[in-house]
Every structure is written in structure tokens, then in C-alpha cells.
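Working notes, structure below.
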There are 2 protein chains.
Amino acid sequence: MLAFIFASKYLHIMEIRRDVFQAIADPTRREIIRLIATQPVKINTIAERFDVTRQAISLHLKILSECGLLHIRQSGRERLCEAKLEKLIEVHDWVEQYSKLWKGRLKALKNFVEQEELQSKIIKKNKRNKINQIKKSKK
Amino acid sequence: MLAFIFASKYLHIMEIRRDVFQAIADPTRREIIRLIATQPVKINTIAERFDVTRQAISLHLKILSECGLLHIRQSGRERLCEAKLEKLIEVHDWVEQYSKLWKGRLKALKNFVEQEELQSKIIKKNKRNKINQIKKSKK
DNA sequence: AATTTGCGCAGGTAAATGCTTGCATTTATA
DNA sequence: TATAAATGCAAGCATTTACCTGCGCAAATT
């Protein structure tokens with residue numbers, strides 16, 4: 001428990017601020033992942049697709065590489081960037097634990113709404129009966 | 001196409017820098033989500049669980065709220081934070097499109113490794129036969 | 001009515017992020 | 001061998017982030 005408090009206090013200092021969640025937070029980096037998802041691509045080719053300098057893209061690639069989302073392979077004077085999509089399992093698993101919760105809730109909500117509808121129908125029916133009774137008694 | 005280039009150029013200016021990916025990038029915010037995932041919790045109760053000030057936590061809650069991951073409900077002088085986990089669908093779907101790719105690759109890799117093993121066995125077998133032949137001829 | 005509790009808001013700081021320009025280095029190629 | 005191409009590295013800058021302290025205000029509690 002103490003360790004937990006300690007860890008949470010110094011998390012922003014201790015932790016290498018390069019986890020997968022951090023890496024995919026940036027839209028440019030997500031776009032890079034999309035580009036290299038199916039086949040390895042040269043650094044320059046990636047850079048050409050964006051309107052920022054090659055250096056800026058290089059930095060993004062470094063971040064992605066540092067957190068294990070891609071691997072850079074030297075090939076002559078070129079460098080090929082290959083996606084390591086398995087690293088996304090971390091994110092997948094994290095979301096998955098909550099998807100169970102929200103799916104459960106949606107189901108519960110659906111049941112609730114259906115129950116409400118049923119109740120509302122019964123009330124309406126009773127109301128109609130009462131109105132009919134009043135009408136009858138007026139006659 | 002032009003629109004895409006334009007969009008990608010000004011993405012970091014145009015975009016409200018508060019998307020779900022950005023929100024879950026911070027470990028403190030992920031921990032907050034964990035705390036309120038199953039039931040609504042008061043702001044102060046959340047803040048007590050961390051070693052930073054209430055104000056810092058309040059800011060995190062604001063960010064989570066702005067991107068739709070939680071809803072703050074006033075209840076007298078208290079404020080209850082309720083998780084809106086459905087918002088994680090965005091992340092879920094994004095990861096899912098790549099999970100298909102990485103699963104496919106792992107399968108391909110498995111096949112490749114199995115093939116390699118088979119090849120290696122055949123080679124070893126051939127080698128063994130040769131050695132035996134040599135041994136035989138020596139005798 | 002006075003105090004406590006639960007919060008928001010404003011202003012300030014240090015570090016991180018995202019980008020730039022300029023220069024060095026290695027490897028193909030004319 | 002000179003040159004072009006593909007890249008890395010370093011220094012600098014604006015913006016954002018993740019904190020902090022201090023203050024104010026309204027709803028409960030005493």
C-alpha cells in the first residue's frame with residue numbers, strides 16, 4: 001500500500017515517459033502506424049507524407065521505436081520502419097477489461113428501458129380502463 | 001487529397017487537443033478511470049487516493065470530462081464522477097483494426113517456424129545418416 | 001450566525017512536447 | 001572521386017502539461 005502511494009507520487013518522475021499509451025496519444029504517430037501497418041516503409045517516404053520536417057518525423061519514429069511499436073532496420077543507406085503491432089496488446093487488454101463493464105451496463109440499460117416500456121404500457125392500459133369506466137359511469 | 005494535406009498540416013492546431021487517446025495517455029487518469037469504473041465516486045474521495053493536490057486531480061477530471069470519458073453530477077455540495085466507459089469504444093475500434101493484422105502475422109510466423117523446424121529435422125536426419133554412413137565405411 | 005466542508009478559479013513554475021534550422025556522417029552513383 | 005541521397009545529432013523556441021499555492025464561494029453542520 002505504501003509502495004503504491006510512493007509509486008503514484010513519483011510515477012511521473014520514475015516512469016520512462018514512453019509507454020504505448022503515450023505513444024499512440026499523438027495523431028501524427030497514429031497516422032505513421034497506419035502507414036507502416038501492412039508493409040515496412042522507408043523513413044523518407046514516411047516523412048514525405050506529412051507536412052512537417054523529416055527531423056520531426058524522425059523524432060516520432062524514435063518515440064514509437066523506444067516503446068516497441070516499431071523496429072528500424074538498416075538496409076544500405078536506407079532505414080526501413082516495420083510496425084510491431086503486437087505491442088498494441090497492452091492497449092487492447094486495458095480497454096478489454098472495461099469493455100466488459102460497459103457492455104454489461106448497456107445490457108442492463110436495455111433491460112431497464114424494456115421494463116420501463118412494459119410498465120408504461122401497463123399504466124397506459126390501466127389509465128385507458130379508468131377512462132372507459134368514467135365514460136361508462138357518465139352514461 | 002488537398003483537404004487531407006491541409007488537415008494533416010494543421011491537425012495540431014485545429015484539433016481540440018482533448019481526444020480519448022490523449023486522455024488515457026496519462027497513468028494518473030487511467031488510475032482515476034479504474035477507481036470510478038464500477039461506481040460513481042466523489043471528487044474529494046478520488047483526490048484522497050492520490051498524493052497530488054485536489055486541484056491537480058480536478059484538472060485530470062476536467063480533461064476526462066471534456067473528452068467524454070466521465071460525467072460529473074452535482075449532488076448538493078458534492079460532485080459525483082461517473083465513468084462513461086463507452087467512450088473507450090473509439091480506442092477499442094482503433095486497436096481492433098490492427099489486432100486482425102498482428103494476429104494474422106503471428107499465425108503466419110507460427111507456420112513459418114513450424115516449417116523451419118520440419119526442415120531442420122530433415123537436415124539433421126540427413127546429417128545423421130551421413131555420419132552413420134561414414135562410421136560404417138570406417139569399419 | 002459562525003464554521004466547516006467541498007469544490008472552482010487564477011496565477012505561477014518546471015518539465016515535457018513538438019517543431020524548427022543548421023551541420024555532420026555514411027552510402028550509393030555519375 | 002566528387003556529388004547526391006538518406007539519415008542522425010544538437011541547439012533553440014513556443015506551447016502544453018502537470019503540478020503547486022492562495023483565494024473565494026456556496027452548501028451543510030454546529
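Predicted model, so just to flag it, every value in this text is computed and none were measured. First the proteins, then the strands, lettered A, B, ... as listed; each starts at 1.
Between the CG atom of A:Leu61 and the P atom of D:dT7 there is a distance of 10 Å, rounded to whole Å. Between B:Ile46 atom CD1 and C:dG8 atom C1' the separation is 15 Å, expressed in whole Å. Separating the CD1 atom of A:Ile72 from the P atom of D:dC9 is a distance of 10 Å, rounded to the nearest angstrom. Distance CG (B:Asp51) to C1' (D:dC19): 13 Å, rounded to an integer number of Å. Rounded to an integer number of Å, the gap from A:Lys62 NZ to C:dC19 C1' is 15 Å. When the P atom of C:dT13 is taken as reference, atom CG of B:Leu59 falls 18 Å away, rounded to whole Å. What separates CD of A:Glu66 from C1' of D:dG8 is a distance of 14 Å, to the nearest Å. One can place CD of A:Glu31 at 16 Å from P of C:dG18, the figure rounded to the nearest angstrom.
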Contacts under 3.5 Å, N or O only, protein and nucleotides 4-7 of chain C:
from  : atom 1 : to      : atom 2 : distance (Å)
C:dT5 : O2     : B:Arg77 : NH1    : 2.8
C:dC7 : OP1    : B:Arg79 : N      : 2.7
C:dC7 : OP1    : B:Arg79 : O      : 3.4
C:dC7 : OP2    : B:Asn44 : N      : 2.8
C:dC7 : N4     : B:Arg54 : NH2    : 3.2

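Side-chain atoms of A:Trp94 and A:Ile89, non-hydrogen and from C-beta on, never get closer than 4.5 Å to each other. Between B:Lys62 and B:Ser65, every side-chain heavy-atom pair lies at or beyond the 4.5 Å cut-off.
Phosphate contact (OP1/OP2 of D:dT7, side-chain N/O of A:Gln74, threshold under 4.0 Å): absent. The shortest distance between the side-chain N/O atoms of A:His60 and the OP1/OP2 oxygens of C:dC19 is below 4.0 Å.
Residues meeting the salt bridge (Lys or Arg N to Asp or Glu O under 4.0 Å) test with A:Lys87, sequence neighbours left out: A:Glu90.
The backbone N or O of B:Ile24 lies less than 3.5 Å from a partner atom in the side chain of B:Arg30, making a donor-acceptor pair. The backbone N or O of B:Glu96 sits less than 3.5 Å from a side-chain atom of B:Ser99, completing a donor-acceptor pair. Checked by atom type and distance alone, the side chain of A:Glu48 never pairs as donor or acceptor with a backbone atom of A:Phe50 at under 3.5 Å.
Looking at heavy-atom distances under 4.0 Å, A:Ala56 makes contact with a base.
Residue A:Leu61 is tested with A:Leu69, A:Ile36, A:Ile46 for a side chain to side chain contact (heavy atoms under 4.5 Å, CB included); the sole match is A:Ile46.
Position along DNA chain C of the nearest nucleotide to A:Arg29 versus A:Gly76 favours A:Arg29 as the more 5'-ward residue.
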